[in-house]
Amino acid sequence: MHNATLSKQTSTPTIVVRSPYDGTVVGTVIETKADSLDQLIDRARLGAQIARSLSRHERCAILEKAASAVDARKEDFSVLIVREAGKTITQARKEVTRCVNTLKLSADEARRNAGEVIPFDSYAGSESRQGWYTRDPLGIIAAITPYNDPLNLVAHKLGPAIAGGNSVLLKPSELTPFSAVKLVDVLVDSGLPEEVITVAVGGAELGQALVSAREVRMISFTGGYATGEAISKNAGIKKLAMDLGGNAPVIVMENCDFEAAVDGCVSRAYWAAGQNCIGTQRILIQRPIYERFRTVFVSKTLKLKTGNPLDVDTDVGPMISARAVNRAAAIVEEAIEAGGKVACGHKPAGSLYPPTVLEHVPRTCEAWNEELFAPIVILEPFDDLSEAIELANSGEYGLHAGIFANDLNDALEAAGRIDVGGVMINDSSDYRFDAMPFGGFKYGSMGREGVRFAYEEMTQPKVVCINRPKR
Ligand code: NAD
């Protein structure tokens with residue numbers, strides 16, 4: 001573990017990570033305290049010098065080798081994700097496959113995205129100039145990540161940062177640090193000089209210290225809205241990239257492929273026990289098919305198996321903690337008191353929350369407006385597409401939306417008018433390909449991830465201009 005040596009010198013407290021499913025110990029890790037910031041920065045500064053001296057072919061080779069190594073150890077990584085984050089084994093395997101792709105895409109950026117020639121002679125008076133811009137590293141990037149995709153969301157920060165020649169101070173979620181630590185081990189074993197990435201495991205206090213350090217040139221954060229807001233207040237003058245929360249809507253038109261709509265929504269409302277920023281939270285159904293949709297949706301929901309995430313038959317694993325369950329349950333209780341109805345579910349036990357369907361949720365409730373981040377979905381009827389778009393646009397988040405429709409005009413109308421970073425047509429809100437620009441409108445994010453886009457955020461153009469008088 002490459003962070004241990006550093007942490008041992010400065011602190012002895014440990015963090016015990018437990019399985020969200022059965023409470024067994026996954027491992028312990030030395031906690032990095034906020035007061036070791038100076039030491040972290042010294043190492044990251046050295047890392048930045050080393051990182052920028054790596055040639056593009058060296059960065060490429062490291063990232064490609066790491067991608068192959070993660071692929072070769074897919075099952076180890078998958079089981080670790082299940083153990084620390086509680087995702088089902090099927091979902092964890094998918095995350096590892098995506099991580100391999102994220103690292104390969106990062107290698108591609110290192111190889112090809114080095115800048116451009118600037119057409120100086122397209123401006124009268126600049127005919128004597130020739131030149132280009134390069135993509136230079138920023139220096140030290142602080143990467144802060146959440147618990148719900150503990151491997152691939154880390155890869156989405158480390159891959160582009162390494163491709164761009166930066167050093168990284170990585171603070172993974174203290175609830176799920178081991179996938180991140182293992183990925184860093186793989187990168188170092190693949191040839192990355194170990195000073196280039198410093199892993200610091202700790203909570204909010206450590207996060208705050210990293211965020212406010214003057215030497216850090218960019219914060220790449222993925223997590224909740226409230227944390228994002230706290231970070232923006234502490235950061236001072238540095239680049240901020242934020243991927244925050246959502247409460248994604250999916251519109252179901254009466255003329256759509258009914259089975260595809262039900263199956264897509266069932267799968268993506270409860271994926272990762274609903275702990276998914278683009279998971280489907282509000283399903284808006286055109287009134288003529290509402291009752292039929294509701295009946296089939298609830299019946300398919302009731303067939304899902306909740307339980308041990310290591311069991312391949314399990315559809316819905318645990319939430320990250322009983323605390324997270326209690327928060328979601330309180331939001332549901334508020335909706336029920338305001339007139340909402342439970343069509344199925346809502347009998348949590350420990351960290352297991354059965355897939356839950358709500359109806360008649362008033363638009364003033366938190367369940368409608370906030371991110372539930374739990375296996376809970378709201379069904380709501382609408383009469384025409386304009387009303388559906390208005391409902392989809394309610395709230396302050398705008399990450400992803402989906403629409404199931406057979407009429408292309410309806411689908412494109414929705415795509416044009418819903419204020420989100422991605423509209424999935426004939427799909428749920430929960431589709432992401434790691435090369436596409438990923439982020440949200442409104443308070444859903446600031447900047448974009450997706451390897452090329454993160455790489456461009458993590459590098460800065462430098463212009464070189466030669467004044468060569470014409471002969
Ligand atoms: P969180 O905001 O509680 O924690 C995220 C990270 O921030 C953790 O590493 C945490 O230790 C750190 N942190 C906490 N307080 C901090 C502070 N004051 N300063 C600096 N760092 C601090 O989020 P979570 O509960 O781990 O994850 C769930 C949230 O993440 C959800 O809101 C979800 O939508 C969001 N998320 C967004 C995306 C996306 O790409 N848009 C992807 C996954 C998760």
Side-chain angles (χ1 to χ4, degrees), residues 15 17 20 29 31-32 34 37 84-87 95 98 102 142-157 169-177 179-180 199-213 216 219-236 238 240-248 271-281 319-321 323-325 327-328 370-374 395-400 420-422 429-430 432 434 436-450 453-454:
I15 293 176
V17 177
V29 60
E31 181 177 1
T32 305
L37 183 69
E84 68 176 352
K87 275 185 155 179
E95 183 175 343
R98 283 184 54 189
T102 302
I144 300 180
T145 53
Y147 69 81
N148 63 315
D149 284 325
L151 180 68
N152 193 36
L153 289 179
V154 174
H156 264 288
K157 302 194 185 305
L169 277 171
L170 170 65
K171 198 204 83 55
S173 169
E174 64 278 28
L175 303 174
T176 56
S179 304
V199 187
V201 182
E205 203 188 333
L206 174 65
Q208 266 173 28
L210 297 178
V211 160
S212 43
V216 168
I219 298 160
S220 174
F221 171 72
T222 301
Y225 171 77
T227 312
E229 195 173 40
I231 288 174
S232 69
K233 287 179 179 155
N234 285 329
K238 46 180 68 95
L240 293 182
M242 296 208 172
D243 277 290
L244 308 174
N247 67 354
W271 185 267
Q275 300 164 117
N276 174 5
C277 58
I278 50 174
T280 300
Q281 181 170 324
M319 290 185 64
I320 191 69
S321 62
R323 197 165 145 250
V325 168
R327 173 195 164 266
E370 292 302 319
E371 180 181 50
L372 280 161
F373 224 57
E396 294 198 304
Y397 306 106
L399 270 183
H400 270 197
V420 290
S429 51
D430 182 21
R432 179 178 181 186
D434 295 285
M436 74 188 207
F438 181 75
F441 281 22
K442 301 191 275 189
Y443 290 102
S445 80
M446 193 190 264
R448 289 291 180 271
E449 283 204 340
F453 304 90

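Position 1 is the first residue of the sequence; numbering continues from there. Both ligands and their constituent atoms are indexed starting at 1 by order of listing.
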Do the side-chain N and O atoms of [X] and [Y] include a donor-acceptor pair separated by under 3.5 angstrom?
X	Y	value
N276	D430	yes
Q275	Y147	yes
N234	S212	no
T222	K157	yes

Any side-chain heavy atom of [X] within less than 4.5 Å of one from [Y]?
X	Y	result
N148	I320	no
P150	T145	no
L210	L37	yes
L153	L151	no

Starting from [atom], which protein heavy atom do you reach first, and at what distance in Å?
atom	answer
atom 35 (C) of ligand 1	G223 O, 3.2 Å
atom 27 (O) of ligand 1	P146 CB, 3.2 Å
atom 18 (N) of ligand 1	Q208 NE2, 3.5 Å
atom 22 (C) of ligand 1	T227 CG2, 3.4 Å
atom 43 (C) of ligand 1	N148 OD1, 3.2 Å
atom 12 (C) of ligand 1	I144 CG2, 3.7 Å
atom 23 (O) of ligand 1	G224 N, 3.5 Å
atom 25 (O) of ligand 1	Y147 CE2, 3.3 Å

Is there any N or O on [X] that sits under 3.5 Å from an N or O of ligand 1?
X	result
K171	yes
D149	no
T145	yes
Y225	no

Atoms in ligand 1 with a heavy atom of [X] nearer than 4.0 Å:
X	result
L399	41 (N)
L153	42 (C), 43 (C)
E174	10 (C), 11 (O)
L244	34 (O), 37 (C), 38 (C), 39 (C), 41 (N)
G207	19 (N), 20 (C), 21 (N)
E371	31 (C), 32 (O), 33 (C), 34 (O)
S173	9 (O)

Residue part near ligand 1, for L175, under 4.0 Å between non-hydrogen atoms: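 No part of L175 is near ligand 1 at this cut-off.
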Counting only heavy atoms, tell me which of F373, Y397, F221 gets closest to atom 28 (C) of ligand 1.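 Considering heavy atoms of F373, Y397, F221, the nearest to atom 28 (C) of ligand 1 sits in F373.
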Ring centres of Y225 and Y443 under 6.0 Å apart?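 Y225 vs Y443: aromatic centres under 6.0 Å.
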Determine whether the aromatic ring centres of F438 and H156 lie less than 6.0 Å apart.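 They do not qualify: ring centres at least 6.0 Å apart.
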For [X] and [Y], work out which heavy atoms get closest and say how close.
X	Y	answer
E95	D149	OE2-C, 3.1 Å
P20	G86	CG-N, 3.8 Å
P177	V17	CD-CG2, 3.5 Å

